[in-house]
Number of protein chains: 2
Amino acid sequence: MTAKDAHAARRRPTSRDVAAAAGVSRSAVSFAFNDPTRVSTATRERILAAARELKYTPPPSGRTLRNGRTQSLGVLLPHDIPKVMENPYYARFLMGLGQVCTREGMSLQLIPPLGDSLVKAVRHAAVDGFVVCGLDTDRGEIAELTRRALPYVLVDSDAPEGAPSVDIDDRDGARDVTQHLLELGHRRIAVLSVEPRSDRPAPTYRDPLVRRIAGIEDALAAVGLSRRDITVAEVPCTRMDGYRATQAIMATRPRPTALVVLADLMAFGAIDALHDLGLDVPGDVSVTGFDDLPEAQWTRPRLTTVRQPIVAKGRIAGDFLISAIRGEDQHQHQLLQTVLITRESSKPPAEPVTPDGRYQPSVPQSPARPVPSRT
Amino acid sequence: MTAKDAHAARRRPTSRDVAAAAGVSRSAVSFAFNDPTRVSTATRERILAAARELKYTPPPSGRTLRNGRTQSLGVLLPHDIPKVMENPYYARFLMGLGQVCTREGMSLQLIPPLGDSLVKAVRHAAVDGFVVCGLDTDRGEIAELTRRALPYVLVDSDAPEGAPSVDIDDRDGARDVTQHLLELGHRRIAVLSVEPRSDRPAPTYRDPLVRRIAGIEDALAAVGLSRRDITVAEVPCTRMDGYRATQAIMATRPRPTALVVLADLMAFGAIDALHDLGLDVPGDVSVTGFDDLPEAQWTRPRLTTVRQPIVAKGRIAGDFLISAIRGEDQHQHQLLQTVLITRESSKPPAEPVTPDGRYQPSVPQSPARPVPSRT
DNA sequence: CTGAAAGCGCTTACAG
DNA sequence: CTGAAAGCGCTTACAG
């Protein structure tokens, strides 16, 4: 079989074919598509007609190689896409990035680990820059980003010194919500945190969840308690894991009167679990979250939580990237503030749980470690 | 300034540089990265060391041009990314596509209109295939897809005959939920539908929302009513638009006793609005949705709705695309079934609204137009 | 206003 | 096991 001929017959037309059909050079074809001022209107029409005839459209692969631009922003994800999309947090974060994409005329590439390797994912992605989400420790990804010499910005990450990053004041947020529960009189507090993505050698203070735990300790210290006085469970960040972990926690005695959950999604699961256990929220157990997803207002009772500006975080991360792609100066870091949102899922415990009864609010002591002050 | 030298000094290393540094050919460099069996271990180590030294990593642009593969799936979106991400429907749909991406080691590119033009977006996207979402009429996008000779599959679209597509039985679903309300005794029914994305010349029966309206008419016809007996409002598919439209609908007299909303997201807004108007759901007004998003179980009251297999839809669309990319035979169409989920947001109206009182359930007549039968 | 040519950086069939 | 060469398809500086 003359496979070659058959193949040639159905191969995609190139600018060469169009040039031949229109009786012009390949340059003219390129100009007709990209810079109409460089060819006469008549010639342009002829070229476009020939292109239509041959069903030709300039494929992006050639342009990408030539221009070194993909017109696409990459979002490097800590987990595979189904798991990421389970958390409404990401939908909101992508809304912020999407605002930038709309403005800049770019597409958004969701880049999950490739066969468990984020390094490989970085290596293969055809994008103009990376927003790196929730990188819990540098396992080579940043080195690979540097090698590729592409702009990047770390978000919710364990960002090394000097790396461009957008973060929130995790520590203050966690301190505020814990202090809120302590002021209500709670003393038997359980914390539900997010487990690290991988076995990592040493979680550092830069890790957002380490910072949140530190914030909890700040609040505890202010009333003379320490981490030893609370229990901390770490599970994957899913609603179902929040559900299961809450069941386990509530099986312990003495039962906690308050549950500090470090992600709204897991807090929803916690409320589900308490409901199924026949425990009243907040009558039997107070529950707090972290994020203030829109859904936090729809739970019954509505969720007391720490609001973070998720959409703004996405937008700012995108803006950082655009500046870097353009080679403009950029702020290297941005720290966004959280706000405690008090709703019905938290109230004083049914009975005082410490010998001295209800906690009397007092001026909090200075935290154990310096934290960014809020103005 | 010797700008050229400065540029040369900091220009990205290429396989040529690495080859020179390691004292091998560029082929060897390529093999070291892509096909280790083609070079000796010692040579490979030397090459990789040189690459590390020079901070070289093979950029995707060359490979893409050469291989004609991007390892990326495109999702062509009907709106810009912020608007799309507002609807939890898409998070679930992307979960399904994401399953395929995980399996195939691909990334997922979100491709919004480029300066309002989907044709431009198609032209510029560097992907191996397109999932086209909610295309409400062919305004050139499909022609451009054909020109690019890339595989595509239409989802929730006004798909032309013969185009690969994944759809649900919109008509049956809408008929079932309307029939449910009619059987409960409702007669004053308002429908809240999604407005077309653009001014289109002629919505056709292939349009999912046209099919849903047809399903509503089927159910009405079975009790001797017609479209003239109901009111239909069309608004953009957002929670806020659902809220506002419901306020407007409830200001009409006589007030409807049931609201058939053709997207859960808008139904959530409708429940919000009824709550704010001091109207009880379902006491004063029954509300039904369409989709069965997870959130439909969290509204109070929980939402009666038409469940569609959103994640499966995404997975199947992705599988279609993968088959097509591989050049395998593929099923051209897939029709997925919906199921009516009855929850607390619907109940009989407070008082009979027709002269003859409550509707007596009877065997539904055959629908006006043939619909795909469910087995 | 148009054409010939170089070059973006890779991969792989082919020859050694 | 390795090297020289062709080619993927475009864009644009340069010369006419």
Side-chain angles (χ1 to χ4, degrees), chain A residues 3-4 7-8 11-47 50-51 54-71 123-126 128 147-150, chain B residues 3-4 7-8 11-47 50-51 54-71 123-126 128 147-150:
Chain A
K4 192 172 178 180
H7 190 71
R11 83 173 211 288
R12 278 177 215 175
T14 72
S15 65
R16 192 186 306 274
D17 301 317
V18 176
V24 296
S25 72
R26 291 169 67 209
S27 330
V29 175
S30 181
F31 290 140
F33 276 96
N34 303 313
D35 187 359
T37 66
R38 298 284 307 268
V39 289
S40 66
T41 310
T43 309
R44 175 158 192 258
E45 285 310 320
R46 192 153 40 91
I47 292 170
L54 293 171
K55 291 187 179 304
Y56 169 82
T57 194
S61 45
R63 180 190 307 130
T64 296
L65 177 58
R66 164 74 212 206
N67 294 351
R69 281 290 140 73
T70 62
Q71 289 294 97
R123 188 162 2 217
H124 285 84
D128 292 337
R147 261 197 291 279
R148 286 208 48 190
L150 282 181
Chain B
K4 193 171 175 181
H7 189 73
R11 82 173 211 287
R12 276 178 217 175
T14 72
S15 65
R16 193 187 306 273
D17 301 317
V18 176
V24 296
S25 71
R26 292 169 67 210
S27 329
V29 175
S30 181
F31 290 141
F33 276 95
N34 303 314
D35 187 0
T37 66
R38 297 285 306 268
V39 289
S40 67
T41 310
T43 309
R44 175 159 192 256
E45 286 309 320
R46 191 152 42 90
I47 293 169
L54 294 171
K55 291 186 178 305
Y56 169 82
T57 194
S61 43
R63 180 188 310 128
T64 297
L65 176 58
R66 163 75 212 208
N67 294 351
R69 281 289 140 74
T70 63
Q71 290 293 96
R123 188 162 1 216
H124 285 84
D128 293 336
R147 260 197 291 280
R148 286 208 49 190
L150 282 180

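So you know, we letter chains A, B, ... as the sequences are listed, proteins then strands, and number each from 1. Computed over heavy atoms, backbone and side chain alike; hydrogens, waters and symmetry mates excluded.
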Any residue in residues 37-44 of chain A with a heavy atom nearer than 4.0 angstrom to DNA chain C? Just list them by number, or reply none.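 Result for residues 37-44 of chain A: A/Thr37, A/Arg38, A/Val39, A/Ser40, A/Thr43, sorted by number.
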Expected list for residues 18-28 of chain A near DNA chain C, using heavy atoms below 4.0 Å, is A/Val24, A/Ser25, A/Ser27
For [X], side chain to side chain donor-acceptor pair (under 3.5 Å) partners two or more places apart:
{"X": "A/Arg26", "value": "A/Ser15"}
{"X": "A/Thr64", "value": "none"}
{"X": "A/Arg46", "value": "none"}

The complete set of salt bridge (Lys or Arg N to Asp or Glu O under 4.0 Å) pairs with one or both residues in residues 57-71 of chain B, sequence neighbours excluded, reads none
When all nucleic acid strands are considered with a 4.0 Å heavy-atom cut-off, which category describes B/Asn67: base, sugar-phosphate, or nothing?
sugar-phosphate
Review point. Which residues satisfy the side-chain contact (heavy atoms from CB on, under 4.5 Å) test with A/Ala126, sequence neighbours excluded?
Key: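 A/Ala126 satisfies side-chain contact (heavy atoms from CB on, under 4.5 Å) with A/Thr70, B/Pro60 once adjacent residues are dropped.
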In numerical order, the residues of residues 56-63 of chain B whose heavy atoms come under 4.0 Å of DNA chain D are none
query: Using atom C1' of each nucleotide, how far apart are D/dG16 and D/dT12 to the nearest Å?
result: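 16 Å, rounded to whole Å.
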So, for [X] and [Y], which heavy atoms are closest and what is the spacing to 0.1 Å?
{"X": "B/Gln71", "Y": "B/Asp128", "result": "N-OD2, 2.8 Å"}
{"X": "A/Leu54", "Y": "A/Ala21", "result": "CD1-CB, 3.9 Å"}
{"X": "A/Ile47", "Y": "A/Ala28", "result": "CD1-O, 3.6 Å"}

Quick note, side-chain hydrogen bond (donor to acceptor under 3.5 Å, both in side chains) partners involving residues 34-44 of chain B, not counting sequence neighbours, are B/Ser30-B/Asn34, B/Asp35-B/Thr37, B/Ser40-B/Thr43
Min and max contacting nt of DNA chain D in 5' to 3' order, chain B heavy atoms within under 4.0 angstrom, are D/dC1 to D/dG9
The ring pair (Phe, Tyr, Trp, His ring centres under 6.0 Å) partners of A/Phe33 (sequence neighbours excluded) come to A/Tyr56
For DNA chain C, the expected dot-bracket line (Watson-Crick or G-U under 3.5 Å, [ ] crossing, | inter-strand) is |||.||||||||.|||
Does some side-chain heavy atom of B/Arg12 sit less than 4.5 Å from a side-chain heavy atom of A/Leu150?
yes
